[in-house]
S.K.: 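Quick one: the structure is below, questions incoming.
Protein chains get the first letters and strands the later ones, always in sequence-line order, with residue 1 at the start of each. The analysis underlying the following values was restricted to heavy atoms, covering all of them including side chains, and did not include hydrogens, waters or symmetry mates.
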Number of protein chains: 2
Amino acid sequence: MTATSDTSGSSDTSGSPPSERPTSGSAAPEPPASAPRSEYDEKLLGILRSAAAIFAEKGYHRASIRDIAAATEISLSGLYYYFRSKEDLLFLIQEHCFGTLLERQRSALDPKQPAEARLRTFMGIHLSYFLANRAEMKVLSHESDVLTGTPGRKVHGLKRAYARVLLEIVDELRPEKGPDLRTATFGLFGMMNWIYTWHRDDRDAPADRLADEMATLFLEGIRAPGSARPAAGGQPPSPSIWRDGRR
Amino acid sequence: MTATSDTSGSSDTSGSPPSERPTSGSAAPEPPASAPRSEYDEKLLGILRSAAAIFAEKGYHRASIRDIAAATEISLSGLYYYFRSKEDLLFLIQEHCFGTLLERQRSALDPKQPAEARLRTFMGIHLSYFLANRAEMKVLSHESDVLTGTPGRKVHGLKRAYARVLLEIVDELRPEKGPDLRTATFGLFGMMNWIYTWHRDDRDAPADRLADEMATLFLEGIRAPGSARPAAGGQPPSPSIWRDGRR
DNA sequence: TGGGGAGGCGGACGAGCGTTCGAACGGCAG
DNA sequence: CTGCCGTTCGAACGCTCGTCCGCCTCCCCA
């Protein structure tokens, strides 16, 4: 695992208004999670939150900076004091979310615990963060391939690091001739990440119960003795109606 | 279940170039799936396919009609002979895909078979269609809330009907005090639909094997005796770093 | 008291967007 | 041959977008 603990390095080559990008490092060792921070940071965080909500609602490309200006009550041009471009804004949101999530998992997971307990911890944190920050997570899922160049690579790296955490847990859990590791792990991710598609606070269970139910389902499933016997009748190859195979 | 078998009704109020929208009804009883169709239909289908690929790659809003014109080698204005607007184009893609998928499931599922076999059939069809028409499915997932008004409602209805098919199967499978029906079903959908995010033909299993592995995992999981004991240590409520609960 | 920088704003710019219009082309019916 | 109709196109319209420029207002510190 490459030491991805650089606080702000690489891409921040220029110097926007406040010399560089000020204190918002993702790996700073501040113990209490709610430090007062500077007024600049406060405001930036507020902008990120509003922007995430708008990106989630309308999609990144359809949302305009003017929309964000209206929501934050900052003028169009005034916003550019806080980020360099619309892409930069998206990057800040994605990096902040993934960074926070990764940090939380790492500090909560105890390697000495058995894999099952770690799986439940992981899922609990993942789902509660997901449901608490739904807009941000939708942006994370939907606009994952918008960013290019260095920022894109940075977010991609965070994502891969995050996935690796779960991959390792699942790998411990997986019996000899169980399902394929990637299939099981990303299947589990799908189960969790699909949530923003259907979950409604007023009729579905809260995060911790969802995590429990999904964890149980997954744990029982992955421990299947041999396999639940694929059952004879699959279905014929059935040609695509899209005229050809569409690859 | 409301009789949602109307062939094309409601929204097609106007009359675009060829009188109305010609033969492409989703419930027409043509037995061989590969009818030659008219030249107009051929060309429209080709446009839909190209457009879906572009929408999948760049996202609906970022993709321009000019992009589609370039891909199809039809002039910008010439395209408007085949659809009324960009939204209409998206609608045609979504309706076609959901309609095809739903139709296939309905004709493949035999109510006399046990629930487990039906689950495997459903998953096999779903996953193979997904992987064969990846671009279209990405569009279906990503741009599901772009359409408004009548077209939006129509696609939404297809989606709900499709979900209901799986909901009913899972409901049969689910034991007394098993997981919540919606959680289990949409968890399963998530497992399958997340695929376009990670699956790569050159390293991951093909659709039918994926379907088998996921089905086994799910079947063993949902049949868990009591439950796999939620294990003492969850995690504390842990306040969102997004300053407040972000609801 | 005065100078300077952080923070903010109105207004404009060029580019790209979806859509439309009127004209042209080719084959078939009269 | 003449006229029509399905099909295609070039060129433009009006609009919204991201971004930038210059100017203003405060407040802090010397």
S.K.: Check the distance between dT7(D)'s C1' and Leu44(B)'s CG and give it to me in whole angstrom.
M.R.: 14 Å

S.K.: For Ile74(B), report the nucleic acid contact type (base, sugar-phosphate, nothing); a contact means any heavy atom under 4.0 Å.
M.R.: sugar-phosphate

S.K.: Given side chains that start at C-beta, do those of Asp204(B) and Leu210(B) come closer than 4.5 Å, heavy atoms only?
M.R.: no

S.K.: Once you round it to whole Å, what is the distance between C1' of dT19(D) and CG of Leu89(A)?
M.R.: 14 Å

S.K.: Is any side-chain nitrogen or oxygen of Lys43(B) closer than 4.0 Å to OP1 or OP2 of dT8(D)?
M.R.: yes

S.K.: Parallel, tilted or perpendicular: which describes the rings of Phe122(A) and His126(A), with under 30° parallel and over 60° perpendicular?
M.R.: parallel

S.K.: Check the orientation of Tyr162(A) and Phe189(A). Use parallel for under 30°, tilted for 30 to 60°, and perpendicular for over 60°.
M.R.: tilted

S.K.: I'd like to know if Arg66(B) reaches the base of dG16(C) with its side chain such that a donor and an acceptor end up less than 3.5 angstrom apart.
M.R.: no

S.K.: For Phe55(A) and dG18(D), give me the distance from atom CZ to atom P, rounded to whole Å.
M.R.: 8 Å

S.K.: At 4.0 Å (heavy atoms only), tell me whether Ser64(A) reaches a base, stays on the sugar-phosphate, or touches nothing.
M.R.: sugar-phosphate

S.K.: Rounded to whole Å, how long is the line connecting atom OH of Tyr82(B) with atom C1' of dG18(C)?
M.R.: 20 Å

S.K.: With hydrogens left out and only the distance checked, is there a donor-acceptor pair under 3.5 Å joining Ser77(B)'s side chain and the base of dG10(D)?
M.R.: yes

S.K.: Considering every strand and a 4.0 Å limit on heavy-atom distances, what is the contact class for Ala63(A): base, sugar-phosphate, or nothing?
M.R.: sugar-phosphate

S.K.: Does Glu73(B) or Leu76(A) map to a spot on DNA chain D nearer the 5' end, using the closest nucleotide for each?
M.R.: Glu73(B)

S.K.: Taking Gln94(B) for the side chain and Leu140(B) for the main chain, is one N or O donor matched with an acceptor at less than 3.5 Å?
M.R.: no

S.K.: Expressed as a whole number of angstroms, how long is the span from Arg62(B):CZ to dC17(C):C1'?
M.R.: 13 Å

S.K.: Would you name the heavy atoms of Ala207(A) and Ser128(A) that are closest together and state the gap between them?
M.R.: CB-CA, 3.5 Å

S.K.: Please report, rounded to the nearest Å, how far the C1' atom of dT8(D) is from the CD atom of Glu39(B).
M.R.: 13 Å

S.K.: Quick check on the helix from dT1(C)-dA30(D) to dC28(C)-dG3(D): what's the angle between its two end axes, five base pairs per end, to the nearest 10°?
M.R.: 20°

S.K.: How many whole angstroms separate atom CD1 of Ile65(A) from atom C1' of dT19(D)?
M.R.: 9 Å

S.K.: Look at Tyr80(B) and dT7(D) and indicate whether a side-chain polar atom (N or O) is within less than 4.0 Å of OP1 or OP2.
M.R.: no

S.K.: Do Lys138(B) and Phe55(B) form a cation-pi contact, if we require the NZ or CZ to be under 6.0 Å from the six-membered ring centre and within 45 degrees of the ring's axis?
M.R.: no

S.K.: Would you say Tyr81(A) reaches dG8(C)'s phosphate, i.e. side-chain N/O to OP1/OP2 under 4.0 Å?
M.R.: no

S.K.: Examine His96(A) together with Phe91(A) and report whether their ring centres are nearer than 6.0 Å.
M.R.: no

S.K.: Could you give the CG-to-P distance, from Asp88(A) to dG18(D), as a whole number of Å?
M.R.: 14 Å

